[in-house]
Peer 1: 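Okay, here's the structure, questions in a sec.
Every chain is numbered from 1, with letters handed out A, B, ... down the list of sequences. Note that the coordinates shown come from a computational prediction; the quantities given were computed from them, not determined experimentally.
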Amino acid sequence: MNKKNVRRILDTLKDMFPDAHCELNHSNPFELLIAVVLSAQSTDKKVNEVTETLFRKYKTPQDYVHVPLEELEHDIKHIGLYRNKAKNIQALCRTLIEEHNGEVPQTLEELTKLAGVGRKTANVVVSNAFGVPAIAVDTHVERVSKRLGLCKWDDSVLEVEKTLMKLVPKEEWTQTHHRLIFFGRYHCKAQRPACESCPLSDICREGKKRLK
DNA sequence: AACTCGGGGCA
DNA sequence: TGCCCAGAGTT
């Protein structure tokens with residue numbers, strides 16, 4: 001992908017989604033961390049429904065630990081993968097209490113050591129909670145990056161991330177991340193991408209194929 | 001690299 | 001009914 005096309009993609013995304021942002025409701029880094037852990041393979045809308053009541057009941061890592069596992073499972077019941085997530089959240093909170101003075105660590109390395117926190121979640125937390133430039137690669141970012149030709153079809157998630165960090169200026173990483181998400185969620189959907197009305201269809205593998 | 005967890009939304 | 005959803009851990 002040449003620099004001119006990259007620039008055009010970034011400018012077009014900015015034009016389409018000027019105010020793309022994190023849509024997981026939260027009021028501090030700890031709540032964001034919990035929300036992102038819950039959001040794995042689920043929709044942010046669903047997560048917000050759950051956290052609206054969850055965050056009223058649980059304020060601190062101690063609150064999550066001082067409750068039977070079954071109770072926490074019940075409180076997040078209608079999100080998928082809830083058993084894994086409940087267990088991970090309690091383990092994660094124990095680590096915060098024992099090793100981080102109850103605070104959320106601010107580095108990728110420390111964050112990814114937490115139960116249920118992988119590279120994608122860690123990237124979302126450092127960028128949205130601590131202002132660190134980052135590009136978190138989720139299914140949307142991976143899909144649209146491959147369709148637009150920003151990376152190779154068979155790139156791993158980590159390879160996608162590295163490629164994007166190389167192509168995109170660092171000061172635009174976080175914004176670009178959010179815009180790629182919005183682009184994937186609202187326009188370049190997994191099943192029926194809106195190629196007919198897409199300003200990037202001419203340089204997109206998927207667009208060329210579908211409009212042919 | 002493939003498999004599993006998983007209820008809910010949407011066509 | 002089948003596919004997807006702001007993934008991570010295990011084998």
Peer 1: Does a side-chain N-to-carboxylate-O contact under 4.0 Å join Glu172(A) and Arg7(A)?
Peer 2: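 Arg7(A) and Glu172(A): salt-bridged.
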Peer 1: Hey, which of these two, Glu49(A) or Arg83(A), hits DNA chain B nearer its 5' end, going by closest nucleotide?
Peer 2: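 Looking at DNA chain B, the more 5' nearest nucleotide goes with Arg83(A).
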Peer 1: What I'd like to find out is whether the side chain of Leu111(A) reaches to under 4.5 Å of the side chain of Thr121(A), using heavy atoms alone.
Peer 2: no
Peer 1: Would you list the pairs meeting side chain to side chain donor-acceptor pair (under 3.5 Å) in which at least one residue belongs to residues 90-107 of chain A, sequence neighbours left out?
Peer 2: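 Passing the test, one end in residues 90-107 of chain A: no pairs.
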Peer 1: For nucleotides 5-11 of chain C, give me one character per nucleotide, 5' to 3': B if any protein heavy atom sits under 4.0 Å from the base, S if the only such contacts are to the sugar-phosphate, - if neither.
Peer 2: BBBSS--
Peer 1: Between His21(A) and Asp19(A), is there a donor-acceptor pair closer than 3.5 Å when you use the side chain of the first and the backbone of the second?
Peer 2: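 Yes, because the side chain of His21(A) sits within donor-acceptor range (under 3.5 Å) of the backbone of Asp19(A).
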Peer 1: With rounding to whole Å, what would you report as the distance between dT11(C) and dG6(B) at their P atoms?
Peer 2: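 After rounding to an integer number of Å, I get 16 Å for this pair.
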Peer 1: Side chain to side chain contact (heavy atoms under 4.5 Å, CB included) with Tyr82(A): which of Leu72(A), Ile76(A), Val50(A)?
Peer 2: Ile76(A)
Peer 1: Side-chain donor-acceptor contacts of residues 29-41 of chain A below 3.5 Å, not counting sequence neighbours, with atom names and distances?
Peer 2:
| residue | atom | partner | partner atom | Å |
| --- | --- | --- | --- | --- |
| Glu31(A) | OE1 | Ser27(A) | N | 2.9 |
| Glu31(A) | OE1 | Ser27(A) | OG | 2.9 |
| Ser39(A) | OG | Val36(A) | O | 2.7 |

Peer 1: Can you give the first and last nucleotides of DNA chain B, 5' to 3', that have an atom under 4.0 Å from a heavy atom of chain A?
Peer 2: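 Range of nucleotides touched by chain A: dC5(B) to dG9(B).
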Peer 1: Determine the Euclidean distance between corresponding P atoms of dT4(B) and dA6(C); express it in Å to zero decimal places.
Peer 2: 23 Å
Peer 1: Can you list the residues that meet the salt bridge (charged side-chain N to carboxylate O under 4.0 Å, His left out) rule with Arg185(A), with sequence neighbours excluded?
Peer 2: Glu23(A), Asp44(A)
Peer 1: Looking at residues at least two apart in the chain, or sitting in another chain, which of them share a salt bridge (charged side-chain N to carboxylate O under 4.0 Å, His left out) with Glu49(A)?
Peer 2: Lys46(A)
